Amino acid sequence: MIRQNFFWIVICLAVSVACYRTLPRNPHQRTFGEILDFIESDYVAPTDSEELFNQAVSSMLRQLDENSSYVPPRDARDFQNDLDNQYVGIGIEAAAAPDKQSLVVLSPPLVGTPAHQAGLRTGDQIVRVNGDAVGQLGPEAALAQIQGTPGTEVALGINRPGTTKLWELPIRREVIVRPSVTGYARNLAGEWSYAIEEAPRIGYLRINQFVQDRTPREVRAAFEQMRAAGCVAAVMDLRDNPGGYKDAAEQVCDFFLNKGELIVSTKGRNPKSNTATYATGQGQFTTLPLAILINHRSASASEIVAAALQDHQRAIIIGERSYGKGTTQHVIPLSPRANGETPMLRLTVAYYHSPLHRNIHRFPNAQDNTEWGVQPNPGCERPLTAEQWRTWQNWRSRHERWALGGEVAKPAPAVAADNPSASVEGKNTGDDSPALLGEDSPDPHLRQAVEMLEKKSEAASAKAA
C-alpha cells in the first residue's frame, strides 16, 4: 500500500509540474492574449491579428531602445541578408527622380552584377518595370518589383540622357553581395588597388560593414597587398560604416594589437553578457603606422575598432565624432510558427566600453560635453559642411569605380551609343574634380591622413638613417 501511494504521489507531482510549465510565466501574457481574442471576436471592423501582434510587440521594444526590435517571419530573410551585407536584386543603387516618374541610377553598377553585364550606367532612368510605368507604380513599389526571387527576370524600360530611344532590358535577379572591404580605385577587371595614386606609399581601404568571417579575411588580404606594393603606412576608412558583427570587429583589431591588449569589454544585467576580449598575439600588422577616418555615421562595430586602436595609440583618429552606439544585441530565434517560419528577436543585452573604459553609448539625455562616441585625436577633428559632405560622397562614388588616369569604365557620356550595353573605355582625363591633395580637396579627412602619415614615415626614415 505504501509503495502504491508513493507511486500516485510521484504521478501527481509530475502532472502538477507539467501544468505549471504550461502556465504563462509573465502575469501580462494571459491579459495580452485575452485582449487579442476580444479584438478578433468583437471589434467593430475586421482585423488582422498577425499585424496587430507585430505592431504591439514592436511598440513594446521601441520603449526599450532604438536597437531592440521584433523581426516577423516575413522579414527574417531580409534581416539576415542585411546582416550579411547582401540582397536580392540586379546590383544598382537607384532613387526616385524629382518628378517621381522614373528611378535614376545613382552610381555605376557593382562590377560583375546583372546590371553591370546589361550595360546600365550612372544617370540611366528606369521608366518602366515589368511593363508598368514607374509614375503609376510609385518609386517605392517600383524598387520593390526590381527585387524579388533569385533566378527570375525583371524587365526594365530604360531612358538614357541624350538619347530618345527607350530600351527594354530583361535582367536576371541574383543574390548581390555588397563588398565588405573596398580599396582606393578599381580597374576594368574589377580588381582593387589599395595604394593611393597621389601618395603610392600610403595604402587605403574602406570597410563598408563588418560581416562575419568575410570582413576579417578581406581586411587581412588588403593589408597583405599593401605590404607587397611597398606601402609604409595605411588609412582605414570607417566613415558611414553602420557596424555589423562584433566578432568581426574584434578580429580586425587583433591584426594590429599585441598579445594580451584589451580590445573591448561588455557589461549587462545578465552576468553572461559580461565579457572582455583580448588580442591573441597573432597580429600581422602591429607596427604599421595607421590612420582611421570616422564621421557622425560611424557606429557600433566601427566604434569598437576606432576606440580600441586609439586607446592603445595604434592609430590616429581623424574626422568627426562618431555616432555613439555602444550597445550589443543578441539575435534570438523564437518559436517557429505552424508553417515552419521563425520570427526573431533582436534584443540589446549589454553596453560596451573601450580598453580605457570609456563609455561609447550616447544615451537619450547625452549632451555634447558628455562622454560618448569616439572623438578624433586633438587637432584632427574636421566637421564637414553639408556641401562638403555631398562633394565627398559624389567624389567617392565615382572614384571607387574608376581609377584616376587609368584605363577604366567611365561614366556614360552625354550622348551614349545606341546599344545600352556598349562599353565606354578610355583614360579618365575628363575628371574635373579637385585633386585629393590640393587646397580644395574633395576629401579633407583623407588629405589630412595622408599628410600626417607621410610626415610620420619621413621622420621614421630620417631616424633610421
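For the numbers below, each heavy atom of this structure counts, side chains included, while hydrogens, waters and symmetry mates do not. Only a predicted model underlies this, so the values are computations on that prediction, with no experimental measurement involved.
A donor-acceptor pair under 3.5 Å is absent between the side-chain atoms of Ser59 and the main chain of Gln55, judged by distance alone. Arg172 contributes no side-chain N or O that, together with a main-chain N or O of Glu153, makes up a donor-acceptor pair within less than 3.5 Å. In this structure, Glu303 contributes its side chain and Gly324 its backbone to a donor-acceptor pair below 3.5 Å. In this structure, the side chain of Ser457 engages the main chain of Glu454 through a donor-acceptor pair within 3.5 Å. In this structure, Gln329 contributes its side chain and Arg346 its backbone to no donor-acceptor pair below 3.5 Å. Side chain of Ser102 to main chain of Ala97: no donor-acceptor pair is present (N/O by atom type, distance under 3.5 Å, no hydrogens or angles). Distance alone, capped at 3.5 Å, is enough to place a donor-acceptor pair between the Arg314 side chain and the Leu288 backbone. Ser322 places no side-chain N or O within donor-acceptor distance of the main-chain N or O of Gly373, the cut-off being under 3.5 Å.
Side chains of Ser273 and Asn270: a donor-acceptor N/O pair is absent below 3.5 angstrom, by distance only. Side-chain contact of Tyr245 with Gln251: a donor-acceptor pair under 3.5 Å is absent, judged by distance alone. If you check the side chains of Asp254 and Thr280, you find a donor sitting under 3.5 Å from an acceptor. Residues Arg358 and Gln375 have side chains that never bring a donor and an acceptor to within less than 3.5 angstrom of each other.
Here Glu451 does not pair with Lys455 in a salt bridge; the nearest charged N to carboxylate O distance is not below 4.0 Å. We find that Lys100 and Glu140 are not joined by a salt bridge, their nearest charged nitrogen and carboxylate oxygen being 4.0 Å or further apart.
Side-chain contact check for Asp237 versus Leu446: every heavy-atom pair is 4.5 Å or farther apart. The closest side-chain heavy-atom distance from Asp443 to Arg239 is below 4.5 Å. You'll find the side chain of Asp124 stays beyond 4.5 Å of the side chain of Ile92, heavy atoms only. Leu384 places a side-chain heavy atom less than 4.5 Å from the side chain of His445. Using a 4.5 Å heavy-atom cutoff, the side chains of Val71 and Val331 are not in contact. With a 4.5 Å cut-off on side-chain heavy atoms, Glu174 and Thr113 do not count as touching. Using a 4.5 Å heavy-atom threshold, the side chains of Val181 and Trp192 count as separate. With a 4.5 Å cut-off on side-chain heavy atoms, Arg173 and Thr149 do not count as touching.
Shown are Thr277, Thr327, Thr328, Thr275; of these, the side chain to side chain donor-acceptor pair (under 3.5 Å) with Thr266 is made only by Thr275. With Tyr184 as the partner, the side chain to side chain contact (heavy atoms under 4.5 Å, CB included) test is satisfied by one option alone out of Leu436, Leu205, Ile202: Leu436. Checking Ile171, Val134, Leu103 one by one against Leu156, the side chain to side chain contact (heavy atoms under 4.5 Å, CB included) holds for a single residue, Ile171.
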Requested in this report: Decide yes or no on side chain to side chain contact (heavy atoms under 4.5 Å, CB included) for Arg121 and Val105, but give the supporting numbers first.
Outcome: CA-CA 7 Å; Arg121 300 176 189 161; Val105 179; over 6 Å; no
**Report entry** Stepwise side chain to side chain contact (heavy atoms under 4.5 Å, CB included) check, Cys380 with Met452
**Finding:** CA-CA 10 Å; Cys380 296; Met452 294 183 73; 3.8 Å; yes
Query raised in the report: Passes side chain to side chain contact (heavy atoms under 4.5 Å, CB included), Tyr70 versus Leu334? Steps please.
Result: CA-CA 10 Å; Tyr70 172 69; Leu334 303 175; 3.9 Å; yes
Requested in this report: For side chain to side chain contact (heavy atoms under 4.5 Å, CB included), just list the numbers for Phe210 and Leu238, CA-CA rounded to whole Å, side-chain angles, deciding distance to a tenth of an Å, and then say yes or no.
Outcome: CA-CA 10 Å; Phe210 287 89; Leu238 300 180; 4.1 Å; yes
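Between the CD atom in Gln448 and the CG atom in Leu293 there is a gap of 9.5 Å [rounded to 0.5 Å].
Between His361 and Phe363, the distance separating the two ring centers is shorter than 6.0 angstrom.
Residues passing the side-chain contact (heavy atoms from CB on, under 4.5 Å) test with Asn159 are Gln125, Val127, Leu166, sequence neighbours excluded.
Classified by interplanar angle (parallel below 30°, tilted 30° to 60°, perpendicular above 60°), the ring pair Phe223/Phe285 is tilted.
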